[in-house]
2 protein chains.
Amino acid sequence: MTLRDVADTAGVSISTASLVFSGRGPVAAATADKVRTAAQSLGYAGPDPLASSLRQGRSGTVAVIVEDRLLHAFRDPFALTVLDGLAQELDAMGQSMLLIADPGGEEQANPLAGHALDAAVFPLCGRTDSPFVEHLLARDIPMVGAGSPRDDRVSHVLVDERGASRAATEHLLDLGHTRVAHVLMPLGPRHSTRAVAPGDATVELERAAYPDARDRTLGFLDAAPDGRLVETAEADVAEGERAGRLLLDVPPGQRPTGIVAQSDLLAAGVIRAAEALRLDVPDDVSVVGFDGVELPWLDHRLTTIVQPGEPKGRLLGQLARDALAGEPTRDVPLEVTLRVGSTTAPPP
Amino acid sequence: MTLRDVADTAGVSISTASLVFSGRGPVAAATADKVRTAAQSLGYAGPDPLASSLRQGRSGTVAVIVEDRLLHAFRDPFALTVLDGLAQELDAMGQSMLLIADPGGEEQANPLAGHALDAAVFPLCGRTDSPFVEHLLARDIPMVGAGSPRDDRVSHVLVDERGASRAATEHLLDLGHTRVAHVLMPLGPRHSTRAVAPGDATVELERAAYPDARDRTLGFLDAAPDGRLVETAEADVAEGERAGRLLLDVPPGQRPTGIVAQSDLLAAGVIRAAEALRLDVPDDVSVVGFDGVELPWLDHRLTTIVQPGEPKGRLLGQLARDALAGEPTRDVPLEVTLRVGSTTAPPP
DNA sequence: GTGACGAATCGAATCGATTCGACTGTAATC
DNA sequence: GATTACAGTCGAATCGATTCGATTCGTCAC
């Protein structure tokens, strides 16, 4: 079933039939009808997308690259919100998302190599370097990211992670807290949830693979150079709770009175840990999150850095659009704001 | 930058160069090296996927079709688990996922038309009919689903929704409950969370667009024909809580002592509603869920129907593989089991 | 009556690979 | 020494469209 068959049946040339389907050239109404009728009777479902794409040089596909397995990448509601905004924008430009999960292993075949792509988006802040970047550059496919991978030829939507994290921390200090701690998202793959010794912080941060976790930590340390750090194995509730226990299940005198978490999910875990230890939030411990996601199951209005996820996704989509239009690489900022909720209060 | 350029630079024919990249034919080691060196020096990133796909008739792409926006579709951890299993299986067969969200509106262009696809998967149970089915059939693209869309030419992974729901309900009856209620996932689009009048149930179920919600309701009614029904607007915690209030915020004599929810997220919402009303779970109210997902923030071990999500996704992938291999359409069952946790007990 | 113009249509080139069959030269077999 | 076998290479056909430039034909203006 090809355009040729349709054209033959309709008694017109292939070129004319093509014009009917693409709606581009001038075609007499009667001719167009003949072609459509022929297509109908043959059960022709329209021009082959492959052939069409090959000729036109556009595939209508944008790769959306996430690290790790989808299961982990999308467990965070914030990631989903970004993805949703991106989907809306791509949809509006007639592009679809090819979901590529990069499990990190180097040995296997490049899953991008076999796919025709118009652009590639790294919607979540993953590793600073990606094995895909070089390949995409060689194929001259424009790239868009949210802070990583770091490269001049990648457009970015940038959040002042460091400043926001500093602001979150200063909020606690302004309330009078003096013993504050920080719960980190993973700085790189293959860690377990554990306290970071004060002396090791500098080295660990230099080695960090995930720039957002690093920058938020730097922001915390800007405001609270002596604050304690706990790095988690994964930015989810369970690990947040584990980190919370590590910090809070100690004699009251050593216990931090304020905790800044690098994500709302982690903050929720910290709150759970506190409550399991019969500590009141915010009277005994103040907790700050990051992202500003909706957690309907959380019995608190979290004090957090609100990062608008859907707009972020949309900005990523718009950068992709611009890149497709041939515009040069550029970065756009995304504003985030501190929202004071009911999980922070002056120290006991 | 085409294969021709590489071949010219290497001083071989295009066909030989092609053999080097595909690794198919016999090529002398020296020749292969020449070609690879030429490719390297020219910055050639490998054969154009479009041209390659056109010739081979395979695109390496499987459409993954979800209804509604991604944001909603993937909010449920169960959906993510299925997607994860599917991704693993597709990955192993060298296929990537093209994510297509079908917002339901009929007016806009078919987002599938422009894409080369080897197969299409409907991993979540959506509407019984999909506007995409006809198109995919015309293009002769094999389809795989998880209960919908209903069509002989779609392979399915099938769960005995009705039997499982009946079993969940019977568990409550066996414990001695006599006043039981059911919290439904949406039966179709565009509803709001509301009680379904007993007389309307039959009609509503006949009109149901989502077969899994319908079948689970039928299973509940099999065991408890007089049970009360509340249909939610969306299967999430917030709507589950709303439904819970509708059922529980009444005089004690009318209050159900056991509630079967059609998903764990809804069950969690019901539990929240109960606890907000100062009712104890399970001493005052027993709650049963469906899916068996991990909810680390829930302070209960939910009694639920455990539906293995990752295997389900893998089965979907395997059906897709079989369909790609030319095997005929077929259905495979997925076993689910009742897991008794700490949210059910005899009635007060 | 002639020239210009625009609408409608078509033929042929093109997109960039894969692959079949043909051809060459060398090694193994009888 | 003739025959077979096979590794290695290449030319040409093919996948199924889009699109450029040419052609035809009818209409309108002068």
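Residue numbering restarts at 1 for every chain, and letters A, B, ... go by the order of the sequence lines.
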Task: Under-4.0 Å side-chain N/O to phosphate OP1/OP2 contact, Ser18(B) with dT18(C) - done: yes
- [ ] Report the distance from atom CZ of Arg58(A) to atom P of dG16(C), rounded to the nearest whole Å.
- [x] 15 Å
- [ ] Classify the side-chain pair His115(B)/Ser96(A) by whether it contains a donor and acceptor separated by less than 3.5 Å.
- [x] yes
Open item on the list: When you measure from the side-chain N and O atoms of Thr31(B) to the phosphate of dT9(D), is any distance below 4.0 Å, counting only OP1 and OP2?
Closed with: yes
- [ ] Could you state the atom-to-atom distance from CE of Met1(A) to C1' of dA17(D) in whole Å?
- [x] 15 Å
Open item on the list: Any side-chain N or O of Tyr44(B) below 4.0 angstrom from OP1/OP2 of dG16(C)?
Closed with: no
TODO: Round to the nearest Å and state the distance from Arg4(A) atom CZ to dT18(D) atom C1'.
DONE: 15 Å
Task: Phosphate OP1/OP2 of dC10(C): any Ser13(A) side-chain N/O under 4.0 Å - done: yes
TODO: Indicate whether OP1 or OP2 belonging to dT19(D) is found under 4.0 Å from a side-chain N or O atom of Arg24(A).
DONE: yes
- [ ] Let me know, please, whether Thr16(A) or Gly25(B) comes out on the 5' side of the other along DNA chain D by nearest nucleotide.
- [x] Gly25(B)
TODO: Going by the side chain to side chain contact (heavy atoms under 4.5 Å, CB included) test, name the single residue among Val154(A), Leu319(A), Leu158(A) that passes it with Asp331(A).
DONE: Leu158(A)
Task: Distance in angstrom units between Asp48(A) CG and dT18(D) C1', rounded - done: 13 Å
Task: Atom pair distance, as rounded to whole Å: CD1 in Ile14(B) and P in dT14(D) - done: 17 Å
Open item on the list: From the set dT9(D), dC15(C), dA17(D), return the single nucleotide nearest to any side-chain atom of Thr2(A).
Closed with: dA17(D)
TODO: Whole angstrom is fine here: how far is it from CZ in Phe21(B) over to P in dT18(C)?
DONE: 9 Å
Task: Test item: Glu327(A) side-chain N/O and Asp322(A) main-chain N/O as donor-acceptor pair under 3.5 Å - done: no
Open item on the list: In this structure, how many angstroms lie between the P atom of dG16(D) and the CZ atom of Arg139(B), rounded?
Closed with: 13 Å
Task: First encountered from the 5' end of DNA chain C, between Ala51(B) and Leu19(B) - done: Ala51(B)
Open item on the list: Check this one for me: any side-chain N or O of Arg55(A) less than 4.0 Å away from OP1 or OP2 of dT19(D)?
Closed with: no
- [ ] For Leu54(B) and dA17(C), give me the distance from atom CG to atom P, rounded to whole Å.
- [x] 12 Å
